[in-house]
Each structure stands twice: as structure tokens, then as C-alpha cells.
Amino acid sequence: MAYWLLKSEPDVFGWKDLLALGTAGEEWHGIRNYAARNNMRAMVVGDRGFFYHSNIGKQIVGIVEVSRTSEPDRTTDDPRWDCVRVRAVTGFARRVTLDDCKRLPGLENMVLTHNSRLSVQPVTPEEWRIICGQGGVVL
DNA sequence: GCCAACGTTGGC
DNA sequence: GCCAACGTTGGC
């Protein structure tokens, strides 16, 4: 299983919005960046991802699961762009901030801390373990 | 609200 | 294929 990090501005679509959709989840549409799209194309059903609130909060707030693999993004006519479907799995007992990620040992190379613009990012198993521990998530 | 970083576009 | 111009993102 691979691990990812998905960003969203919480005033547009936040963790509570995803939670409200339950097991149906949400299509992760609107991605218009090749690197982010390629990361989505690499996802398989069952992969897990962190849900990150950008701009407001700047923190990881929960865990999502990929529930459907990449398919064309119906919100555009441009055939280049895809989306996956994700659903909420569990919220963090303690949210893990961007500052935490910059500070914690073992996260020095995390994409989040040095390519802040990439909206769908890979996360290594070690990074996943550290952040889940920090977030109070029992693996 | 500003601006640096980054990606994309399009003229050549 | 290069690169200047432009647009967007997101931290500050």
C-alpha cells in the first residue's frame, strides 16, 4: 500500500465536508498539475492519504482512503486531467501542523515542507508512521 | 494582502 | 526546444 498527502483549502472543501459525505466520499477533481495528476494515477484502491488543510490551519487533520482509481475529471472538457475518489477514514486526535513537520526528526525530506505547491504528494512509509504517531492515530 | 516559488503557455 | 510572460498557489 502506498501513502499520499492531499491538500485542500478548508474554507472551500475541508475535513468536515469529506466526513459529511461518509463512505461515498468525494471525487478529487480540479487538479490541474501534471505531477499531482501522475500521483493520482499511481493510486490504487485501499491506498491511504493524509488530508491537509492549506492556508487556514496548515495542518494534517485526518486520513483518507482511495476508493476508486483515476478516471477522467468530468469537471473539465480537457482530457488531460483525471481524478480519484477518496473517503474519510479517521480524524487525528491531535492535528499535526506544517511547523511540526518542519521540526520533527525524520520529516526533513517530506515533500510538504519544501514543495508547498504540489497538491497531491507522495508520503514515505516512515513519514506516515511518524505523523500518525504524532497525530494520535493507532496503526 | 503581499510576494516568492513554481508551472504552464505561447511566440519565436 | 527555448525562454519570457503570465497565472496560481500557499506561506507569511
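Numbered from 1 within each chain, the chains take letters A, B, ... in sequence-line order. Quick note: numbers below take in every heavy atom, side chains included, and nothing from hydrogens, waters or symmetry partners.
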**Message:** Taking 4.0 Å as the cut-off, does a side-chain nitrogen or oxygen of A:Arg37 come that near to OP1 or OP2 on B:dG7?
**Reply:** no
**Prompt:** In residues 48-59 of chain A, which ones come under 4.0 Å of DNA chain B, going by heavy atoms?
**Reply:** none
**Message:** Regarding C:dT8, can its base be found pairing with the side chain of A:Arg32 as donor and acceptor, where the two atoms are less than 3.5 Å apart?
**Reply:** no
**Request:** Could you tell me whether A:Arg74 and A:Glu27 make a salt bridge, using a distance below 4.0 angstrom between a side-chain N and a carboxylate O?
**Result:** yes
Roughly how many Å is it from [atom1] in [X] to [atom2] in [N], rounded to a whole number?
X        : N      : atom1 : atom2 : answer
A:Leu98  : C:dT9  : CG    : P     : 18 Å
A:Leu5   : C:dG10 : CG    : C1'   : 14 Å
A:Ile31  : B:dT8  : CD1   : P     : 12 Å
A:Leu118 : C:dG11 : CG    : C1'   : 16 Å
A:Leu112 : C:dG10 : CG    : P     : 10 Å
A:Trp81  : C:dT8  : CH2   : P     : 14 Å
A:His114 : C:dG10 : NE2   : C1'   : 16 Å
A:Gln121 : B:dG7  : CD    : P     : 12 Å

So does [Y] get a backbone contact from the side chain of [X], meaning a donor-acceptor N/O pair under 3.5 Å?
X        : Y       : result
A:Thr76  : A:Asp78 : yes
A:Asp47  : A:Trp4  : no
A:Arg37  : A:Ile31 : no
A:Arg41  : A:Glu71 : no
A:Asp100 : A:Thr97 : yes

**Item:** Trace of the side-chain contact (heavy atoms from CB on, under 4.5 Å) decision for A:Trp128 with A:Arg48
**Value:** CA-CA 10 Å; A:Trp128 185 265; A:Arg48 298 268 162 131; 3.6 Å; yes
**Request:** Could you walk me through whether A:Gln121 and A:Phe50 pass the side-chain contact (heavy atoms from CB on, under 4.5 Å) test, one step at a time?
**Result:** CA-CA 10 Å; A:Gln121 313 177 352; A:Phe50 291 132; over 6 Å; no
**Prompt:** Nearest to the side chain of A:Asn33 - B:dT8, C:dG10, C:dC12?
**Reply:** B:dT8
**Message:** From the set C:dG10, C:dG11, B:dT8, return the single nucleotide nearest to any side-chain atom of A:Arg117.
**Reply:** C:dG10
**Asked** Pairs counted as Watson-Crick or G-U wobble with both distances under 3.5 Å: what dot-bracket string results for DNA chain B, using | for bases tied to another strand?
**Response** ||||||||||||
**Prompt:** Rounded to the nearest 0.5 Å, what separation is found between the CG atom of A:Leu98 and the OG1 atom of A:Thr113?
**Reply:** 7.5 Å
